[in-house]
Amino acid sequence: MQTYSGKPVFSGIAIGQIRILRKEEKNVFRSHVDNVEQETVRLERAVAEADDQLKKLYGKALLEVGESGAAIFEVHQMMLADQDYQESILNIIRTQQVNAEYAVAVTADNFADMFATMDDAYMKERAADVRDISERLISVLTEEEKETVNANVPTIIVAEDLSPSETVQMDKKNVRSFVTRHGSSNSHTAILARTMNVPALIGLDYDEGMDGKKAIVDGFKGTLIVEPDEDVLAQYEEMAAKEEAKRLLLQELKGKETVTQGGRKIRLYANIGGIGDLQSVMGNDAAGIGLFRSEFLYLEKEDYPTEDEQFKIYRSVAETMAGRTVIIRTLDIGADKQIGYFGLEKEENPAMGYRAIRICLKRTDIFKTQLRALYRASAYGKIGIMFPMIISVDEVRRIKEIVEEVKQGLTEDGIAYGDVELGVMIETPAAVMISEELAAEVDFFSIGTNDLTQYTLAIDRQNAKLDDIYDAHHPAVLRMIKMVIDNGHKGGAWVGICGELGADLTLTDTFVEMGVDELSVSPSCILPVRKKIREHQ
Ligand code: PEP
Ligand code: MG
């Protein structure tokens with residue numbers, strides 16, 4: 001038995017057989033071609049075929065993971081059509097009189113190296129994409145099939161990293177977990193694991209020898225146990241059975257009200273990052289969406305999403321939720337969420353820097369585009385909008401002026417919109433201290449405990465070294481929550497919690513007693529929190 005450690009990006013227990021996915025090492029030979037024109041025609045045909053494959057993958061991904069998850073294949077189509085990319089390949093074919101496969105492989109290396117040396121994290125990740133499209137092109141040229149997974153036993157996929165096209169092509173029926181050496185918490189692997197509700201680990205240093213062996217993934221501890229001893233396996237089988245039993249038991253709470261024994265109703269909403277999470281929202285019977293992190297929509301794009309692109313996504317969420325509340329948070333980038341095309345400068349202290357509403361109030365063009373899309377979508381459901389990282393009443397007043405301009409523009413254009421509740425996130429100590437004044441300006445508060453803890457305790461939430469003292473249960477944080485609830489109510493605003501603490505079952509009773517109106521948690525936490533609230537005396 002051997003235990004390996006990684007970083008869990010989604011919890012759970014999985015038991016299965018390891019399947020290491022190796023990128024095919026394609027031996028792309030360099031060969032001389034006499035007829036250069038014929039070779040360029042070969043390339044042209046291969047590009048058309050690869051483009052066709054990507055179109056089909058987009059359609060498949062759209063059904064499996066929704067529009068935002070499928071968008072990567074549109075990005076791949078764009079990269080494939082990129083003039084610089086194609087010209088580089090053609091140039092190598094013509095000047096060196098070589099085969100198209102070789103020219104594609106060289107271009108892939110050059111472009112990937114260029115992306116990899118960029119400072120921007122988003123652009124760095126594009127190196128993997130350019131390799132992905134080039135491999136596809138080489139496959140078409142050599143008529144090779146990519147390695148696909150058609151596992152018929154419970155399988156743990158282990159890989160260096162997983163590209164979106166690899167995961168979409170996979171037959172995932174028997175996939176029980178993903179483990180990768182690279183990737184980040186926001187990687188496609190993590191998003192997919194969350195969507196499929198299977199545990200996933202990243203940053204795990206595996207060795208090839210484990211291929212085909214039986215193993216356990218502990219997505220709570222972040223471990224991969226290869227060839228477990230009998231007693232360890234029995235222990236985990238019991239744990240997995242308990243997890244499953246808990247899950248089934250909780251299913252009975254579907255369709256039931258989230259109400260305390262004393263008859264107090266709490267709104268129990270879900271946090272989502274995109275349209276792909278909606279299936280899980282519905283499956284777990286959330287009463288609404290309390291936090292749609294709209295920045296994921298921007299993160300998945302190569303360029304600013306247009307008003308129409310955004311509108312379609314917001315409308316689709318509103319329609320799917322069929323009259324239930326959908327609270328969408330406006331763009332919250334900066335700090336850990338960097339987007340290359342925004343061209344933001346590197347900062348000494350990004351968590352306290354140019355981020356979220358601070359960017360929106362300077363780049364009002366971007367802000368207005370998003371607000372127009374949101375208001376247009378409000379004609380199709382019950383939309384609420386909230387603004388992140390607020391520190392002053394002036395900011396809120398400025399936001400409201402911009403909102404009015406946007407509404408007026410829509411009216412002038414004859415475009416319908418509905419009634420929209422406006423709220424602010426309370427995630428800075430400043431917002432807590434002025435919450436009474438803020439309450440007079442808005443319809444609701446949503447407490448972002450992840451950032452509120454970071455700013456109250458002066459502990460960077462990304463710093464793994466400080467994980468042990470990043471204490472969201474600190475009395476200072478809990479007192480602030482109480483203060484915000486009281487001040488919100490005094491000023492006529494309802495108050496929810498959308499940070500991770502909202503799903504902390506050890507605090508559910510406390511929050512109910514404090515008078516919280518809404519809790520917004522990740523979809524898989526809905527039913528456990530409902531159970532806790534229904535037990536509250
Ligand atoms: C928070 O800060 O608690 C929050 C919900 O927002 P995010 O985690 O996206 O910063
Ligand atoms: Mg936050």
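Read the numbers this way: they start at 1 and go in the same order the structure lists the ligands and their atoms.
With a cut-off of 2.8 Å, the Mg ion (ligand 2) has an N, O or S atom of Asp451 in range.
Listed by atom number, the atoms of ligand 1 under 4.0 Å from Leu291 heavy atoms are 5 (C). For ligand 1, the atoms closer than 4.0 angstrom to any heavy atom of Cys498 are 5 (C). Near Gly499, meaning under 4.0 Å from any of its heavy atoms, are these atoms of ligand 1: 3 (O), 5 (C).
Counting only distance, with no hydrogens or angles, the side chain of Asn284 and the backbone of Ala286 share no donor-acceptor pair below 3.5 Å.
Atom CZ of residue Phe311 and atom CZ of residue Arg376 lie 4.5 Å apart, to the nearest 0.5 angstrom.
Using a 4.5 Å heavy-atom cutoff, the side chains of Ser11 and Pro199 are not in contact.
Within the 4.0 Å heavy-atom criterion, the part of Arg329 lying near ligand 1 is the side chain and not the backbone. If you look at Asn271 next to ligand 1, there are no close heavy atoms at all, none under 4.0 Å. Under 4.0 Å from ligand 1, the heavy atoms of Arg461 that appear belong solely to its side chain.
At under 3.5 Å, a nitrogen or oxygen of Arg293, whether backbone or side chain, sits near a nitrogen or oxygen of ligand 1. Considering backbone and side-chain N/O of Glu295, none are found under 3.5 Å from N/O of ligand 1. Distances between N or O atoms of Glu427 and those of ligand 1 include at least one value under 3.5 Å.
The atom of Glu427 nearest to the Mg ion (ligand 2) is OE1, with the search restricted to N, O or S atoms.
For the pair Arg315 and Tyr380, the distance from NZ or CZ to the six-membered ring centre is under 6.0 Å and the angle to the ring normal is within 45 degrees.
Ring geometry for Phe342 versus Tyr298: interplanar angle of 30 to 60°, hence tilted.
Look at Glu500 and you'll find every heavy atom at least 4.0 Å from all atoms of ligand 1.
Taking the six-membered ring wherever Trp is involved, the centroid distance between the rings of Tyr341 and Tyr304 falls below 6.0 Å.
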| said: Quick one, Phe73 with Tyr58, criterion ring pair (Phe, Tyr, Trp, His ring centres under 6.0 Å). Give me CA distance, side-chain angles, the key distance, then yes/no. | reply: CA-CA 5 Å; Phe73 296 109; Tyr58 176 80; 7.7 Å; no

| message | As a quick check of understanding, evaluate side-chain hydrogen bond (donor to acceptor under 3.5 Å, both in side chains) for Gln370 and Ser294, giving each step before the final call. | response | CA-CA 9 Å; Gln370 181 170 36; Ser294 70; 2.9 Å; yes

